[in-house]
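Encoded as structure tokens, the structure appears first; notes follow it.
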Amino acid sequence: MSITQELRQTAAAMVAPGRGILAADESVPTITSRFRALGIDSTPESRRRYRELLFTAPGIDAHVSGVIMHDETFQQADSSGRPFPEVLAARGILPGIKVDTGAKALAFSDDERVTEGLDGLRERIAAYRTLGARFAKWRAVFTIGFQRPSANCIRANAHALARYAAICQEGGVVPIVEPEVLADGDHGLGRCDEVTRHVLDAVFSELRLARVDLAGMVLKPSMVTPGRTCARAAEVEEVARATIACLADTVPASVPGIAFLSGGQAPDVATAHLDAMARLGPHPWQLSFSFGRALQDEALRTWAGDEANVAAAQAVLLRRVQLVGA
Ligand code: 13P
């Protein structure tokens, strides 16, 4: 099989009907703040135990096609010493790795960020691939505000996403391309729609320039919603219709799948939005999920750092992936 065929097959498997991606790639500072909020100590061992709970939860393989890990987790192993990428692969779950090094201050801008991590990326992708990675993730963030995001911020992030995606594909790893329009702010749904369209247009224009095979990638966008502090909330149906209309105008049909992030939406809300969008189909691409908080929050709260709660937390995770998968 050629590398292109293999990438296309992997991308299709990531968004296979009824299955989606568990985003468990929180950086050490991020998972530490989520642990702290629940009074859980954050050490390499407590983080390892938490990820073992997630990755070995009985039954989740029916709905979880892949797991995104952070470097620390990718190098860790289960209690019997089996590396996590192998643990997942043995269950038919594709191992994935977050490869960006974070959103850093954009020069000549006091409030915008550009995601970094291109230096040495080719070598890192090759090393992760040897350790079993089948896909990677790179997240760019865009904040909505007065004259924000700027044209410079959109162009810089779209360009970096495309260079990352091309390097991944050259190295035999499927890129998840994640341009996240943040929900922070009091803007309305219409403004989110406008910004998301600009961002996606720029991203696909750069992906084409970089000769990325659109059939061998997965898009991970945010949904079109009003800002978190907007005075007017939107109905589930309104979010679903706006999001699908936006994507239909900007995402080529050759992209096999769209795996949404949850962006801080409550688990039930994110699940309802995805369900409503699926019902508006058929769509040219497979609709799926790559949720972090919306899949993990309930399980993390149930576990609360106590070994006695592992089975209960795994049952809660299974219930949520069943709902989202459906
Ligand atoms: P959330 O679903 O919690 O937004 O996380 C998804 C993700 O991977 C963000 O990069």
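Since we're looking at a predicted model, the values are computed, not measured. Every number for a ligand or one of its atoms is a count from 1 in the order of the listing. Heavy-atom basis, side chains included; hydrogens, waters and symmetry copies ignored.
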(request) Using a strict 4.0 Å cut-off to heavy atoms of A23, name the atoms of ligand 1 that fall inside it. (result) 8 (O)

(request) May I ask you to check whether T73 and R47 show a side-chain donor-acceptor distance below 3.5 Å? (result) no

(request) Around atom 1 (P) of ligand 1, find the nearest protein heavy atom and jot down its residue, atom name and distance. (result) S262 OG, 3.3 Å

(message) Can you confirm whether the side chains of E112 and T143 place a donor and an acceptor under 3.5 Å from each other?
(response) no

(request) Run the numbers for me: atoms of ligand 1, each under 4.0 Å from some heavy atom of F291, listed by number. (result) 2 (O)

(message) Any nitrogen or oxygen of G263, side chain or backbone, less than 3.5 Å from one on ligand 1?
(response) yes

(message) Heavy-atom distances under 4.0 Å decide this one: backbone, side chain, both or neither, for R293 against ligand 1?
(response) both

(request) Starting from atom 5 (O) of ligand 1, locate the nearest protein heavy atom and write down its residue, its atom name and how far away it is, to 0.1 Å. (result) G292 N, 3.6 Å

(request) Could you list the atoms of ligand 1 found under 4.0 angstrom from a heavy atom of S290? (result) 6 (C)

(message) Pairing donors with acceptors under 3.5 angstrom, does anything connect the side chains of H273 and Q265?
(response) yes

(message) With a cutoff of 4.0 Å, is K137 in contact with ligand 1, counting heavy atoms of the residue only?
(response) yes

(request) Taking only heavy atoms of R139 into account, list the atoms of ligand 1 that are under 4.0 Å away from them. (result) 9 (C), 10 (O)

(message) For G20 versus S288, what's the shortest heavy-atom pair and its separation?
(response) CA-OG, 3.3 Å

(message) Under a 3.5 Å threshold, yes or no: a donor from one side chain and an acceptor from the other, between D78 and S80?
(response) yes

(message) Can you see whether E26 engages T32 through a side-chain donor-acceptor pair at a distance of less than 3.5 angstrom?
(response) no

(message) Can you confirm whether the side chains of R320 and T271 place a donor and an acceptor under 3.5 Å from each other?
(response) yes

(request) List the closest protein heavy-atom neighbour of atom 9 (C) of ligand 1: residue, atom name, distance to the nearest 0.1 Å. (result) E178 OE2, 3.2 Å

(request) Group every Ile, Leu, Val, Met, Phe, Trp and Tyr by side-chain heavy-atom contacts under 4.5 Å, then state whether L121 and V212 land in the same group. (result) yes

(request) Give a yes/no verdict on whether any heavy atom in A270 is under 4.0 Å from an atom of ligand 1. (result) no

(request) Could you tell me the residue and atom name of the protein heavy atom closest to atom 6 (C) of ligand 1, and the distance to it rounded to 0.1 Å? (result) K220 NZ, 3.4 Å

